[in-house]
4 protein chains.
Amino acid sequence: MTNQVPRPGRKRSEQSRLAILAAAFEIVAEQGYGALSVERIAARSGVGKQTIYRWWPTKADVLLEALALKADLHIAPTPQDSYAADLRAFLLATFELARDEKVIAVLRSLMAEAQIDDGFGRRFRESFLADRRSALGELLDRAAARGDLPATPAPDLAIDLVFGTLWYRVLAAHRPVDDQLTDDLVAVLAP
Amino acid sequence: MTNQVPRPGRKRSEQSRLAILAAAFEIVAEQGYGALSVERIAARSGVGKQTIYRWWPTKADVLLEALALKADLHIAPTPQDSYAADLRAFLLATFELARDEKVIAVLRSLMAEAQIDDGFGRRFRESFLADRRSALGELLDRAAARGDLPATPAPDLAIDLVFGTLWYRVLAAHRPVDDQLTDDLVAVLAP
Amino acid sequence: MTNQVPRPGRKRSEQSRLAILAAAFEIVAEQGYGALSVERIAARSGVGKQTIYRWWPTKADVLLEALALKADLHIAPTPQDSYAADLRAFLLATFELARDEKVIAVLRSLMAEAQIDDGFGRRFRESFLADRRSALGELLDRAAARGDLPATPAPDLAIDLVFGTLWYRVLAAHRPVDDQLTDDLVAVLAP
Amino acid sequence: MTNQVPRPGRKRSEQSRLAILAAAFEIVAEQGYGALSVERIAARSGVGKQTIYRWWPTKADVLLEALALKADLHIAPTPQDSYAADLRAFLLATFELARDEKVIAVLRSLMAEAQIDDGFGRRFRESFLADRRSALGELLDRAAARGDLPATPAPDLAIDLVFGTLWYRVLAAHRPVDDQLTDDLVAVLAP
DNA sequence: TGTTAAGCGAGACGGTACGTCGCGTCTTACG
DNA sequence: CGTAAGACGCGACGTACCGTCTCGCTTAACA
């Protein structure tokens, strides 16, 4: 029952949409977020600037959609039989992505822009970040239902500890998020 | 034994320096990092642009020095008699700062710019961030020397957990770093 | 048979073009060439700087076009029946313009800039100055064809004498180019 | 009766004065007036900017004095026994100078600046230009006293014709002022 | 023989303007 | 009506010079 009103006029060009997303992703991957401008995206993707402004409010929103396209982030690992195993699987899947230098560059850009532009910040938090948090939240709920969850730390703190450490490594420490970190976090959270 | 070379020419104006730092801090506090430009700093502080460019490579460096001026960050809490007490004192002192909305705005700006400008990123990591890390590092060393340090988590991870959670709350969660968080972190790190 | 290639994109704004030319002319007329800057032209004409740089290489080129707009310089006096009469008519028409203080200010500015900027100097010589020279040249050719031209001075020297004296009065002597000068020059050139 | 008050304090440095004049002349000769700035003169001559501003009101005044130093312009040709011979000698001596490319560059610069800066314009007219005019004026007076002067053109016009043609060639035509021009002018003025 | 005052090289200062880049909006002709 | 093209008003960039103002030092005439 989706709104299927066939409106008059030319249809949105899927080809342009994909070219825009690819261009944005590549510019950030190759030259960093400082080199990303709407003008450059348009030039690289062979598109008019207006076509970008018609569909996205800011260049960061383009990049956010480009990330969603490049890396489907909604892959939930199949549930395991214990909290520790569930958590390990989640962390491995999450860190998998964060090992790709290009994805790292995009993530850092998005988090940076979220600090500078309040509007984008809200969108970023309420879509991307909230999604990730709720994925881990469901996992914790499942463990709690099973009575498998340790008293400490509390679920909310656990979530902050996991994503905090991950983002801190990416943003501040410039150290990789490797399997060692997975083991360490599991040891702390599911002792 | 400081380098006492009396260089020729007019001395640097301390008054201008302070006016610049104050202006930068206030613009970010009042209007956000998106409103910060070298031109505005100059106008607000009654200074020529060249005077800013003569002493700082980027506007973010101005802001970093302004933060150091506003909030002396080198206050080390006096050592307590246990790891838990030491850690609690450190966290309370650290979070004290991060409760000031203006300081928060500046911290978010600096971390954002560090993602966008590689040069500033390096300076930010190697001065500000390294300083904070080593303050906590010394505390952990002291505990280890006393045999007061739990086996888990390892010191490096402990540091990442503390600062990761702090920064994540500031950058991503937009939740305050309150005394509850202090208690929770102490419970996790010094059980 | 003009080039009728319908290029895509927004058309150049005639309104902005005229506002720019008027602003440049007025600034020089009111405050002198030293007060002319691209920034001021833009501010006075309510236009972005880029719009000026898009269409003119230097502010002097703007001024040159403004002069062409203000004073249509291609008015050739109708041929008379003798060299002396022809010459007198040409000089009167030419000096007419050079009696307007504003036009004088612009002419002095253009000649000054032509000395400082080689590129503009070439454009100024090959358009404006060459046009004026050839107007007088045709007049001399006509006289020569009629056998009406005295042996001395030769045509090339005659042209230098006329324009030299005119420009010298404007640039160096700050004396008006009046009807007396017309009579004097005719007496020298067509005795 | 010159003011011979022996004031205390350090004497003006003749060495700096000469270095400044030489630097100004060379910069214009080598790179054109557009490249002349007080800062560059100071750097090239190893002098502080203040030393320049202490003794000259503008960079054009420096250049004017530099020209006077390089080329002593007050050499009056020895009087001949006829107006035509006198005039020919004057023109040859005058054009001698105007054959040096470096001197040409300086003359063009001075005339240009005289159009832009009113204050310098007045000084330039009342010193340099007036000197040259009066040199020719004396020659004409001498001829008039001898009854050797033709009725046409009148002395004032003759002066304008000579200097007008000379300057026009230098400023507008970019053609050399050669011996041919000397002959032509003598033919026109002293037929 | 100091004391005083001017000149000096150096260079920081508050400004103005430069020419360029990017923003987000608009107008045009085509599909 | 979407699209590629591109002009538009605007704001900021980082740089060059402007003319002024300290600095510490040197160089004379005067006390």
Side-chain angles (χ1 to χ4, degrees), chain A residues 7-13 15-17 35-43 45-55 57-59, chain B residues 6-17 19 35-43 45-55 57-59, chain C residues 6-17 35-43 45-55 57-59, chain D residues 5-13 15-17 19 35-43 45-55 57-59:
Chain A
R7 288 190 290 137
R10 192 171 171 175
K11 290 269 167 57
R12 176 175 183 183
S13 162
Q15 179 183 321
S16 290
R17 178 178 159 265
L36 188 71
S37 73
V38 174
E39 222 125 45
R40 265 224 258 273
I41 297 174
S45 59
V47 138
K49 279 166 60 175
Q50 196 60 257
T51 301
I52 299 177
Y53 284 112
R54 203 190 321 275
W55 303 108
T58 75
K59 63 188 177 184
Chain B
R7 291 205 284 118
R10 189 174 174 174
K11 291 261 168 64
R12 175 174 184 183
S13 164
E14 182 66 9
Q15 179 182 321
S16 290
R17 180 180 156 263
L36 187 71
S37 72
V38 173
E39 217 130 48
R40 268 230 256 273
I41 297 174
S45 59
V47 138
K49 280 165 60 173
Q50 197 64 53
T51 300
I52 299 177
Y53 284 111
R54 193 175 296 122
W55 302 109
T58 74
K59 62 188 179 185
Chain C
R7 291 205 283 119
R10 188 173 174 174
K11 290 262 167 66
R12 175 175 185 182
S13 162
E14 183 67 8
Q15 179 183 321
S16 290
R17 180 180 156 264
L36 188 71
S37 71
V38 174
E39 217 130 49
R40 267 229 256 276
I41 298 173
S45 59
V47 139
K49 281 165 59 175
Q50 197 62 56
T51 300
I52 299 177
Y53 284 112
R54 207 188 324 273
W55 302 108
T58 75
K59 61 188 179 185
Chain D
V5 182
R7 289 189 291 138
R10 191 172 173 175
K11 290 270 167 62
R12 175 175 184 181
S13 162
Q15 178 183 321
S16 291
R17 179 179 157 264
L36 188 70
S37 73
V38 174
E39 222 126 45
R40 266 226 256 273
I41 298 174
S45 60
V47 138
K49 279 166 60 176
Q50 196 61 258
T51 301
I52 299 176
Y53 282 112
R54 192 175 295 120
W55 302 109
T58 75
K59 63 189 179 185

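In what follows, every chain begins at residue 1, and chains take the letters A, B, ... in the order their sequences are listed.
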Legend entry - Of D:W55 and B:R12, the one whose closest DNA chain E nucleotide lies more 5':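 Taking each residue's closest nucleotide, the earlier one in sequence belongs to D:W55.
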Inset, instruction - Would you kindly compare D:A42 and B:T51 by the position of their nearest DNA chain E nucleotide and give the one closer to the 5′ end? - result: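 The 5'-side residue here is D:A42.
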Separation of [X] atom [atom1] from [N] atom [atom2], in whole Å?
{"X": "D:R40", "N": "F:dT15", "atom1": "CZ", "atom2": "P", "answer": "16 Å"}
{"X": "C:Q15", "N": "E:dT27", "atom1": "CD", "atom2": "P", "answer": "12 Å"}
{"X": "C:I52", "N": "E:dA17", "atom1": "CD1", "atom2": "C1'", "answer": "13 Å"}
{"X": "C:R17", "N": "F:dC8", "atom1": "CZ", "atom2": "P", "answer": "12 Å"}

Legend entry - Under 4.0 angstrom between A:S16 side-chain N/O and F:dG2 OP1 or OP2: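 Looking at the OP1 and OP2 atoms of F:dG2, neither is under 4.0 Å from any side-chain N or O of A:S16.
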Legend entry - Phosphate OP1/OP2 of E:dT16: any C:S37 side-chain N/O under 4.0 Å: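 Checking C:S37 against E:dT16: no side-chain N or O falls below 4.0 Å of OP1 or OP2.
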Identify the heavy atoms of [X] and [Y] that sit nearest to each other, and give their distance.
{"X": "D:A19", "Y": "D:S45", "value": "O-CB, 3.4 Å"}
{"X": "C:G48", "Y": "C:A42", "value": "C-CB, 4.3 Å"}
{"X": "B:V38", "Y": "B:I52", "value": "O-CD1, 3.8 Å"}
{"X": "C:S16", "Y": "C:S13", "value": "N-OG, 3.0 Å"}

Legend entry - 5' precedence on DNA chain F between C:E14 and B:P8 (nearest-nucleotide basis):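 Its nearest nucleotide being more 5', the pick is C:E14.
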Inset, instruction - Please tell me if the side chains of C:R12 and C:W55 come closer than 4.5 Å, counting only heavy atoms from C-beta onward. - result: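 Yes; the side chains approach each other to less than 4.5 Å.
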Using atom names, set out every protein N or O paired with an N or O of nucleotides 24-26 of chain E below 3.5 Å, distance rounded to 0.1 Å.
from	atom 1	to	atom 2	distance (Å)
E:dG24	OP2	A:Y53	OH	2.7
E:dG24	N7	A:K49	NZ	3.1
E:dG24	O6	A:K49	NZ	2.7
E:dC26	O2	C:R10	NH1	3.3
E:dC26	N4	A:Q50	NE2	2.4

Legend entry - Residues in side chain to side chain contact (heavy atoms under 4.5 Å, CB included) contact with B:P8, at least two apart in sequence or another chain: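 Not a single residue meets the side chain to side chain contact (heavy atoms under 4.5 Å, CB included) criterion with B:P8.
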Legend entry - Residues in side-chain hydrogen bond (donor to acceptor under 3.5 Å, both in side chains) contact with B:E39, at least two apart in sequence or another chain: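 With neighbours one apart ignored, the set is B:K49.
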Inset, instruction - Using a 4.0 Å heavy-atom cut-off across all strands, classify A:R54 as base, sugar-phosphate, or nothing. - result: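 Answer is base: heavy atoms of A:R54 come under 4.0 Å of a base.
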Legend entry - Options F:dA12, F:dT3, F:dC8, nucleotide nearest the side-chain atoms of A:S13: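 So the side chain of A:S13 is nearest to F:dT3.
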